[in-house]
Chemist: 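Pasting a structure here, questions to come.
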There are 2 protein chains.
Amino acid sequence: MAMRFEERLSDRDGWSIGDGCSAARVLDLLSTKTVFLMVRELFYGTTRFDDFVERAGVSAPAASRALKQLKAAHVAETVTYHAPGSRAREEYRLTGAGKDLLPVFLALMQWGDTHLQDGRPPLVFVEADTGRELRVRVTPDTVRESTSDDIEIRVNPAWRGGPTSR
Amino acid sequence: MAMRFEERLSDRDGWSIGDGCSAARVLDLLSTKTVFLMVRELFYGTTRFDDFVERAGVSAPAASRALKQLKAAHVAETVTYHAPGSRAREEYRLTGAGKDLLPVFLALMQWGDTHLQDGRPPLVFVEADTGRELRVRVTPDTVRESTSDDIEIRVNPAWRGGPTSR
DNA sequence: CCGTATCCTGATAGATACTG
DNA sequence: CAGTATCTATCAGGATACGG
């Protein structure tokens, strides 16, 4: 680890590094596992309450609280969606700020794929246009970046696990 | 959100998307805020127990538990460090797997900088060699990537906040 | 079908006090 | 300086039951 401070924050003025740290602030928001599972489902395109409950495998009260938190934090919102031919419905969506969580979400996935999965990752994220696999990268170089609108999620057919691994 | 599944996992075999999801598995590991604050301090180069306690602003028992969890998960380890001229000491370090959390950590920071900070980010991460600012990017392109060993953290002189903002 | 109120339980954090 | 053992307070999460 060559990561180092130009000057040590804690050596100045008696205030610690933690003050104002963006990572710490985010954690106040995304504190719980349930909240993060809701974000995952939002990225997967889940829009209806009961689907959040079932797919994330959490209780209805927990889902309710988590979604409310995300709305308060302006990460999610409910919009009235009017499907042609059926009556209007409210559905959950990521806000712009919510979509910006994509790198966080993918970075977490990527780490889990590398360090917690036995074989190949269960899901692969690719550019919708080209089918090229997407990765999160730390770099100073300017590259063309993808947003969550451009992404398609593929099920890895080689993945073993499934019902038995539950 | 055009993110979509090639085939809907939950429509097959009665097993939900959550099963085996890497993000969910990571969250079992990095579950608590304290654990993540310890990871932050490890990236900042903190090595000694009391410094973790003071800089993260948590109690000693909480720090002890969190660091033990991280060791169990092979994210952190204690190594005997022998500084020339002084006697050997144990110190906390990130393992290889721990260093691989850099994109998660930076993505979290970056989101917080954009969406939770009033003005400019308190800290800037730059390539040690070139001084170029590092960003987390989602892209299919292959680019030269930085690891935590190549990074220097700079205090943004323009950042307002400090002692009063606590 | 979309939630929410209530109650109960388990996990997590701080305070305190103590050991190598 | 580097932890750990209790103990207690708080809080997230599930079960259950209920209203729009």
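To find a chain, count down the sequence lines: A is the first, B the second, and so on, and within it residues start at 1. What you see is a predicted model; the values in this text were computed from it and never measured.
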Chemist: Please report the end-to-end axis angle for the helix from dG3(C)-dC18(D) to dG20(C)-dC1(D), five pairs per end, rounded to 10 degrees.
Modeler: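 What I find for the helix from dG3(C)-dC18(D) to dG20(C)-dC1(D) is an axis angle of 40°.
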Chemist: Taking NZ from Lys71(A) and C1' from dT4(C), how many angstroms apart are they, rounded to a whole number?
Modeler: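 It works out to 13 Å between those atoms.
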Chemist: Please lay out, stage by stage, how Leu106(B) and Arg135(B) fare under the test side chain to side chain contact (heavy atoms under 4.5 Å, CB included).
Modeler: CA-CA 8 Å; Leu106(B) 280 185; Arg135(B) 306 279 299 170; over 6 Å; no
Chemist: May I have the distance from Glu54(B) (atom CD) to dC1(D) (atom P), rounded to whole angstrom?
Modeler: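 Going from Glu54(B) (CD) to dC1(D) (P), I get 10 Å.
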Chemist: Under 4.0 Å, heavy atoms only, any strand: does Phe52(B) hit a base, just the sugar-phosphate, or nothing?
Modeler: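 Touches nothing.
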Chemist: Could you tell me the separation between the CE atom of Met38(B) and the P atom of dG3(D), rounded to a whole number of Å?
Modeler: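 Checked: the CE to P distance equals 12 Å.
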Chemist: What distance do Phe49(A) atom CZ and Thr78(A) atom OG1 have between them, rounded to the nearest 0.5 Å?
Modeler: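 Atom-to-atom, Phe49(A):CZ and Thr78(A):OG1 are 12.5 Å apart.
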Chemist: For the residue pair Ser22(B) / Gln117(A), report whether a side-chain donor-acceptor contact shorter than 3.5 Å exists.
Modeler: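 Yes, a side-chain donor-acceptor pair sits under 3.5 Å.
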Chemist: Take the protein atom CZ of Arg48(A) and the nucleotide atom P of dG3(C), then report the distance between them rounded to whole Å.
Modeler: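 Computing the Arg48(A):CZ to dG3(C):P distance gives 11 Å.
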Chemist: Does a side-chain N-to-carboxylate-O contact under 4.0 Å join Arg144(A) and Glu127(A)?
Modeler: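 Salt bridge flag = yes for Glu127(A) with Arg144(A).
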Chemist: Can you measure from OG1 (Thr95(B)) to NE2 (His115(A)) and round to the nearest 0.5 angstrom?
Modeler: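 Output value for this atom pair is 7.5 Å.
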Chemist: Tell me the interatomic distance from Glu91(A), atom CD, to dC2(C), atom P, rounded to whole angstroms.
Modeler: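 Interatomic distance, CD of Glu91(A) to P of dC2(C): 11 Å.
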Chemist: Flag the pair Asp141(A) and Arg137(B) as a salt bridge only when some basic side-chain nitrogen lies within less than 4.0 angstrom of an acidic carboxylate oxygen.
Modeler: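 Not counted as a salt bridge, because no side-chain N and carboxylate O are separated by less than 4.0 Å.
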Chemist: How close or far is atom C1' of dC1(C) from atom CG of Asp51(A), stated in whole angstroms?
Modeler: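 Distance check: Asp51(A) CG to dC1(C) C1' gives 11 Å.
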Chemist: Whole angstroms only, please: what is the CG-C1' distance between Leu27(A) and dT12(C)?
Modeler: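 So the two atoms are 15 Å apart, to the nearest Å.
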Chemist: Between Phe105(A) and Phe125(A), how do the two ring planes meet: parallel, tilted or perpendicular, split at 30° and 60°?
Modeler: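 Taking Phe125(A) first and then Phe105(A), their aromatic rings stand perpendicular (interplane angle over 60°).
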Chemist: Run Arg48(A) and Phe52(A) through side chain to side chain contact (heavy atoms under 4.5 Å, CB included) and show every step you take.
Modeler: CA-CA 7 Å; Arg48(A) 293 154 66 173; Phe52(A) 284 100; 5.9 Å; no
Chemist: Encode nucleotides 4-20 of chain D as B, S and - characters from 5' to 3', where the letter depends on protein heavy atoms closer than 4.0 Å: B to the base, S only to sugar-phosphate, - to neither.
Modeler: SB------SBBBB----
Chemist: Which value, rounded to the nearest 0.5 Å, describes the distance between Leu42(B) atom CG and Glu91(B) atom CD?
Modeler: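 Those atoms lie 10.5 Å apart.
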Chemist: Rounding to an integer number of Å, can you tell me how far Glu41(A) CD sits from dC2(C) C1'?
Modeler: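 After rounding, the reported distance stands at 17 Å.
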